[in-house]
Protein chains: 2
Amino acid sequence: MTILENAALVLRCFGNNCTDLTVSEVSERLGLPKASASRLLKSMRETGMLEEIGGSRRHRPGRMMLNLSAAFRYSSGVIGRARAAVHELSQAFGHTGYVSIRDNRQVLAIADFEGTNALRVGASIGNKLPAERCATGRSLLARLAPAEVALLYPDGPIAERLAPQLDRIRRTGYALSSQETTPGVDGLAVAVGDPVTSEAVSLCLVYPHNLVSDAERNAMIDAMIDSAGGIAEAVGDPLFRAAAERRVPA
Amino acid sequence: MTILENAALVLRCFGNNCTDLTVSEVSERLGLPKASASRLLKSMRETGMLEEIGGSRRHRPGRMMLNLSAAFRYSSGVIGRARAAVHELSQAFGHTGYVSIRDNRQVLAIADFEGTNALRVGASIGNKLPAERCATGRSLLARLAPAEVALLYPDGPIAERLAPQLDRIRRTGYALSSQETTPGVDGLAVAVGDPVTSEAVSLCLVYPHNLVSDAERNAMIDAMIDSAGGIAEAVGDPLFRAAAERRVPA
DNA sequence: ACAACCGTTCCAATATTCGAAACAATTATC
DNA sequence: GATAATTGTTTCGAATATTGGAACGGTTGT
């Protein structure tokens, strides 16, 4: 086991309700001898990967990580464009917007833009959501071939519920969720991808269920598909489809 | 030289106009043999510290870094409170706000909140600014004893220019900058710190120079000192001083 | 098709890392 | 405030990973 692998395992402990770690916690969570855990954290401290909180024995990621996440977010052409697009959309409609990527069966917001409306949905990045249970996630899943989706969800029930939803997204070009993750909150999502890097991102707007008329929602859908279409054209996404039937009442 | 140090050196390459790296670039920038650079990046890829962009030979920080920076930002009580406070301030006044920390002679924004006004200052986190040349930085420097500041700035001229400015900040409780870093942009900053972890953060609002009246600016100063004072009380900051003379015209 | 460049793999020598146990320092309990 | 319990650090030989040089595939551009 190289020290780099162990270091990565330590870093992976962070992020899910875990903002700091001690030597013993690392020793226990990774099953390492105390001695090794102690030396490992020491080395990581010295390299700046970790830093001590105050003068205590608690460790958190070093501040270098702030630069790294910034580098990640700007390294992708699609991501940069998506950020700009969602920022505009968020300002135009006053609702909170996200840019998200999919990581296996989860989606991860990599940028958020708080809305300007008095009543708007709070934004928080870095959290993971199950892909099959939000508009953002489904918009990204809909870019996969049905066979790939089946591979990702071997458990029957989920796949069965998912298939018609994804079909609809593929036809209409956008994904919708209504009070799914959070009561009172609806979401709209459209996905684009870069064929070169094969990275796909989802543009998403979230808004209060009761405050948005059908007309406004349609306007948002149009605007999102427009924006995403621009990105798709710029990066040459062959999978992007502008919605055809979206104005036909359900 | 342990592999961990080299890995950290690679990670440090990112962030300053550098979002991705190749084997040769790493080899050159760190002065490593090609072989070592190749193996190093391979290991870092396998552990998730890096990932390949598309199928190319370019590497960027792995997406794990998104979680890490989130963990960093939430690991501190002051930071969390400061985020909430600046978010409120930003919404209340419509101007863009920042939360920043100092790293030696630089300041680093760790959270940003875009303003809602039509004309507002763009926000971007992850960038570093010289501490002595922005309100945020000076508000943090003012928390140091004069001797510590002198230690940080051994070069005479800077220290001389800085001393009276910091004095004023210590007396009034807030820092001001006018068209300093960016033409047409003014900034207001107030710093608070946690005596337990000895972490200090700066709350900052930036706004268009020509669009803010003296009255509004004073209102902002009051609100910021109020918010920061609440944090200072909560965490028990002994250095925080509410402004006494700030309404006295200069 | 060729050349130039970039990235990967092999090798033995070297340096780091490993785990157990003793040691030190902190925190908790009485 | 003393003792016990927990947590973190250091030491050691043995085991293992890392190192740089050179030779080997692959890609790119002319």
Side-chain angles (χ1 to χ4, degrees), chain A residues 1-14 17-62 71 75 77 194-199 236, chain B residues 1-14 18-62 71 75 77 194-199 235-236:
Chain A
M1 187 68 74
T2 94
I3 196 178
L4 212 59
E5 289 176 65
N6 281 328
L9 289 175
V10 170
L11 294 179
R12 280 184 198 288
C13 292
F14 290 104
N17 306 329
C18 171
T19 58
D20 52 55
L21 291 169
T22 65
V23 169
S24 337
E25 282 168 357
V26 169
S27 162
E28 187 175 352
R29 290 174 77 144
L30 304 191
L32 287 175
K34 277 185 314 179
S36 305
S38 175
R39 274 174 315 205
L40 180 57
L41 291 200
K42 184 182 180 185
S43 306
M44 293 179 73
R45 232 181 300 139
E46 286 167 353
T47 59
M49 291 185 183
L50 297 182
E51 63 184 38
E52 277 184 317
I53 302 185
S56 72
R57 261 164 304 280
R58 308 205 67 81
H59 296 72
R60 69 171 166 207
S75 71
D194 184 336
V196 177
T197 63
S198 65
E199 291 173 314
Chain B
M1 188 69 75
T2 94
I3 196 179
L4 211 58
E5 288 176 65
N6 281 327
L9 288 175
V10 170
L11 294 178
R12 280 184 199 287
C13 292
F14 291 105
C18 170
T19 58
D20 52 54
L21 290 169
T22 65
V23 169
S24 333
E25 282 168 357
V26 169
S27 164
E28 186 175 352
R29 291 175 76 144
L30 303 191
L32 288 174
K34 277 186 314 182
S36 304
S38 173
R39 274 173 315 204
L40 180 57
L41 291 199
K42 183 182 180 184
S43 306
M44 292 178 72
R45 232 182 299 140
E46 286 168 351
T47 58
M49 291 185 184
L50 297 182
E51 62 185 38
E52 275 184 318
I53 302 184
S56 73
R57 260 166 306 277
R58 309 204 67 81
H59 296 72
R60 69 170 166 209
S75 70
D194 184 337
V196 178
T197 63
S198 64
E199 292 173 313
V235 301

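Letters A, B, ... are given to chains in the order of the sequence lines, protein chains preceding strands, and every chain is numbered from 1.
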Residue-phosphate contact under 4.0 Å: B/S36 side-chain N/O, D/dG20 OP1/OP2:
yes
Any side-chain heavy atom of A/H59 within less than 4.5 Å of one from A/E51?
no
From CZ of B/R58 across to C1' of D/dT27 the rounded distance in Å is 15 Å
Output the rounded distance in Å from CG (B/L4) to C1' (D/dT16).
17 Å
Would you indicate, yes or no, if C/dT9 has its OP1 or OP2 atom less than 4.0 angstrom from a side-chain nitrogen or oxygen of B/K42?
yes
Using the side chain to side chain contact (heavy atoms under 4.5 Å, CB included) definition, which of the options A/V26, A/L11, A/L40 pairs with A/N6?
A/L40
Exactly one candidate in B/R58, B/R60, B/R29 meets side chain to side chain contact (heavy atoms under 4.5 Å, CB included) with B/L21; the answer is B/R29
From B/E5 CD over to B/L30 CG, what is the distance, rounded to the nearest 0.5 angstrom?
12.0 Å
In whole Å, I'd like the distance from the CD atom of A/E28 to the P atom of D/dT6.
13 Å
When rounded to whole Å, the CG to P distance for the pair B/L32 and C/dC6 reads 16 Å
Side-chain atoms of B/V23 come closest, of D/dT18, D/dT10, C/dT8, to C/dT8
Counting side-chain heavy atoms from C-beta on, which of D/dT11, D/dT9, D/dT18 comes nearest to A/S38?
D/dT9
Can a side chain N or O of B/R45 be found less than 4.0 Å away from OP1 or OP2 on C/dT8?
yes
When the distance from CZ of A/R39 to C1' of C/dC18 is rounded to whole Å, what number comes out?
6 Å
Interatomic distance where CG belongs to B/L30 and P belongs to D/dT19 [whole Å]:
12 Å
Quick check for you: among D/dT19, C/dT16, D/dT7, whose closest atom lies nearest to any side-chain atom of A/R57?
D/dT7
Would you say A/N6 places a side-chain N or O within less than 4.0 Å of OP1 or OP2 belonging to C/dC18?
yes
Do B/I3 and A/I3 come within less than 4.5 Å of each other through their side chains, counting heavy atoms only?
yes
In whole angstroms, how far is the P atom of D/dT10 from the CG atom of A/L41?
13 Å
Counting side-chain heavy atoms from C-beta on, which of C/dC6, C/dT9, C/dA21 comes nearest to A/A35?
C/dA21
For A/E25 and D/dT6, give me the distance from atom CD to atom C1', rounded to whole Å.
13 Å
